[in-house]
4 protein chains.
Amino acid sequence: MENKLSKREAIINAAIKVFSTKGYHSTRMEEIAILAEVGKGTIYEYFASKLDLFQKMLEESVKVYFTEVASLDDENLPFAEKLLLLLAGHIDFCKEHKELTRIVFWDTEIIDEELKEWSNQMRKEKEDYMTEIIKTAINKGDIKPVNPRILTYIISGVLGSLWAPITLDNWEVNTEDLAQEITDIVIRGIGL
Amino acid sequence: MENKLSKREAIINAAIKVFSTKGYHSTRMEEIAILAEVGKGTIYEYFASKLDLFQKMLEESVKVYFTEVASLDDENLPFAEKLLLLLAGHIDFCKEHKELTRIVFWDTEIIDEELKEWSNQMRKEKEDYMTEIIKTAINKGDIKPVNPRILTYIISGVLGSLWAPITLDNWEVNTEDLAQEITDIVIRGIGL
Amino acid sequence: MENKLSKREAIINAAIKVFSTKGYHSTRMEEIAILAEVGKGTIYEYFASKLDLFQKMLEESVKVYFTEVASLDDENLPFAEKLLLLLAGHIDFCKEHKELTRIVFWDTEIIDEELKEWSNQMRKEKEDYMTEIIKTAINKGDIKPVNPRILTYIISGVLGSLWAPITLDNWEVNTEDLAQEITDIVIRGIGL
Amino acid sequence: MENKLSKREAIINAAIKVFSTKGYHSTRMEEIAILAEVGKGTIYEYFASKLDLFQKMLEESVKVYFTEVASLDDENLPFAEKLLLLLAGHIDFCKEHKELTRIVFWDTEIIDEELKEWSNQMRKEKEDYMTEIIKTAINKGDIKPVNPRILTYIISGVLGSLWAPITLDNWEVNTEDLAQEITDIVIRGIGL
DNA sequence: TATGAATGAGAATTCATTCAT
DNA sequence: TATGAATGAATTCTCATTCAT
């Protein structure tokens, strides 16, 4: 039992590494098998197909993201604090799990209609979740009564655009400072 | 002459449609040929390989984007106006060229090392271009002395995140209003 | 008419060059067209297909060989003289038409069943022709009563084996000397 | 182990048959697969490409030839005896391995620059080996002081020219007699 | 349960040939 | 008659998946 679990984990971890580095189509099952130190056939004991492995890996990655990046709705904090926490969590996650972030936030390779749907659905859920928080903040008189949807796009946009410089350019940045600066701009604006 | 041009164009246009819908790897050359109403072999009269076709299509798409979305540096406008123009141009482009936008803004599929490099380079150029405009605005006392790089990520983030709702969800939105609302938030902030 | 003939010749000459250098399968019709300075379609005005062009070229090459290498049966010479003439003619031909020799003497690439038959037939004719000459020489008491067929293989063998060093290694040899030395060995033997 | 070897061997044997019958270019990988009773993909488990399979087959065929046709330099025999042995070995080989002989002795189809080089190199080695034996024989006073290179061409010429009648015409000949007759002619000459 | 040799469907690409001009 | 742009049949090779061990 324990063995089985650890094999499954080894495969998922290998999958994250290879898929996020090479993309879905350029990844060979054999490469994952080698990296996971299992036989090629063993992968099929745990996953039905390459697509299934990719999906399972995606799901688990998203789970890890949501576990690590602080959940915001259960905290009774002012919006600025929540935003700061979200940004800091996201930036740390980017720095620690460079490969994973690509998959969770950026991968748009079109593989399968169903997966596309799932991916799109996940995006909408994230947006809805964020929009709800914003609405609450507006209702509580925490922030101006801006269009919640538009603010959602601004925030998720920043989260997305940070991945490239941190991962690809190896931008070494202090998490707290960056989160604070972004929050400041969003809260106070750039106008004089 | 006209014939030759229109054949090449037909292929490029078909390529934009199919590549942006299915992604690089799931696209079959035959499908492009059928959509372009040419023989499979004809594609190879104009493009050396599948990768070459993809690259050429990418380059032309980027060119179209930069031509259509108003160039900002030659205008002697206040930053808020420039931002408004950029957003309006981008939103209109998204609405008119849904497939193209996906390619210009979102495709990060890993296909080829050289292409990855080119894609990354393009991103950096866009960022540098935006950063320069911001620096000028700060120097002119147009906006607060924020970190130009961070503001760049906020702006390019919004541009990127608008693609999905407009294209995938068919968000029917008034360009002027959306551009204005985003600009307002960025200039004035969301804080009370 | 004259034009047509010279175009046909240009194509045949180009075909000899390209086919003998690259072999049948690695030769592209376009290459022949370019070398012959005609359009690709023009070749098909004179030859039915690639195979037809190859066959016609082969036939003409063989004709040239037999025209240039002295015909032996009409000469009333002793066998040693005939052999000397044959060898000298063959060596000169090898030196002057390196590409052609390859085709006439060495090319065995299997292209087509019919062509294989034709090629084999041609070989047998050459052998029979040689065997007849040998028989006559034996009857006239010119040479020992050896097995004519075996002597044929020895002589055609030498002719064949000279092509490689002359063409591939650029063996610069004096025709008369080489022909004489070979004749001496064949006539007198190598034994003491 | 045994299985693996026999699978590789089955492919090589099928390759010999098909390549020698149809030539390199007219041979389809699938045909080899069918004859070897393996799947198309299996060939690629053992050989990197069609060219690689051809090369490996060539190398092994040459090895078989040199193993079966008696090695001459370790024998302290008079030259006539050596020649007799060589001829007898060669004739037997031709009779037993008709397809193989074609490949070892006659195939000059132009496939690949590197292969051409290899093939030419092999020819030169064979010539050098023969030339050395001849030089030794001359030094030992075994035979007349003829030009060793020219004698080499005569001998390798006969070897080559025997292939066609034996293989293509199914010439049924007694090995000993043929070898003896050729040797006699070479040693004693045909002159009276 | 674990394996990896064997498989064959599927895709990119080539190039002889055609045919409208 | 001469042309070369257009074509698609044909071929090699890849790699996810299977299954006997």
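All chains are named by letter (A, B, ...) in the order of the sequence lines, taking the proteins before the strands, and each is independently numbered beginning at 1.
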5'-to-3' dot-bracket of DNA chain E (Watson-Crick, G-U; under 3.5 angstrom; crossing pairs as [ ]; | other strand)
.||||||||||||||||||||

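- Around CD of C:Glu59, the count of heavy atoms belonging to other residues, nucleotides or ligands within 6.0 Å exceeds 12.
- Rounded to a whole Å, the CD1 atom of C:Ile11 is 12 Å from the P atom of F:dT1.
- The number of heavy-atom neighbours closer than 6.0 Å to NZ of D:Lys22, taken from other residues, nucleotides and ligands shown, is 12 or below.
- The environment of NZ in C:Lys116 is crowded: more than 12 heavy-atom neighbours from other residues, nucleotides or ligands sit within 6.0 Å.
- Under a cut-off of 6.0 angstrom, the local environment of NZ in A:Lys17 is sparse, with at most 12 non-hydrogen atoms contributed by other residues, nucleotides or ligands.
- Between the C1' atom of F:dC15 and the CD1 atom of A:Ile34 lies a distance of 13 Å, rounded to the nearest Å.
- Regarding A:Arg8, its CZ atom lies at a distance of 14 Å from the P atom of E:dT1, rounded to whole Å.
- One can place CD of C:Glu37 at 15 Å from P of F:dA2, the figure rounded to the nearest angstrom.
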Once base and sugar-phosphate atoms are separated, protein heavy atoms under 4.0 Å mark nucleotides 13-21 of chain E, 5' to 3', with B, S and - as BBSSBB---

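- Distances shown here put every side-chain N or O of D:Tyr46 at or beyond 4.0 Å from the OP1 or OP2 atom of E:dA5.
- The backbone N or O of D:His97 sits less than 3.5 Å from a side-chain atom of D:Thr101, completing a donor-acceptor pair.
- Between A:Phe54 and A:Tyr24, the angle of the ring planes goes over 60°, which puts this pair in the perpendicular group of the 30/60° scheme.
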So D:Lys50 and D:Phe19, side chain to side chain contact (heavy atoms under 4.5 Å, CB included) or not? Walk me through it.
CA-CA 11 Å; D:Lys50 187 182 181 181; D:Phe19 278 134; 4.2 Å; yes

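- Put simply, CD1 on B:Ile43 is 12 Å from C1' on F:dG8, counting in whole angstrom units.
- Between the P atom of F:dA16 and the CZ atom of A:Phe47 lies a distance of 15 Å, rounded to the nearest Å.
- Residue-environment remark: CD (C:Glu37) stays at or below the threshold of 12 foreign heavy atoms within 6.0 Å.
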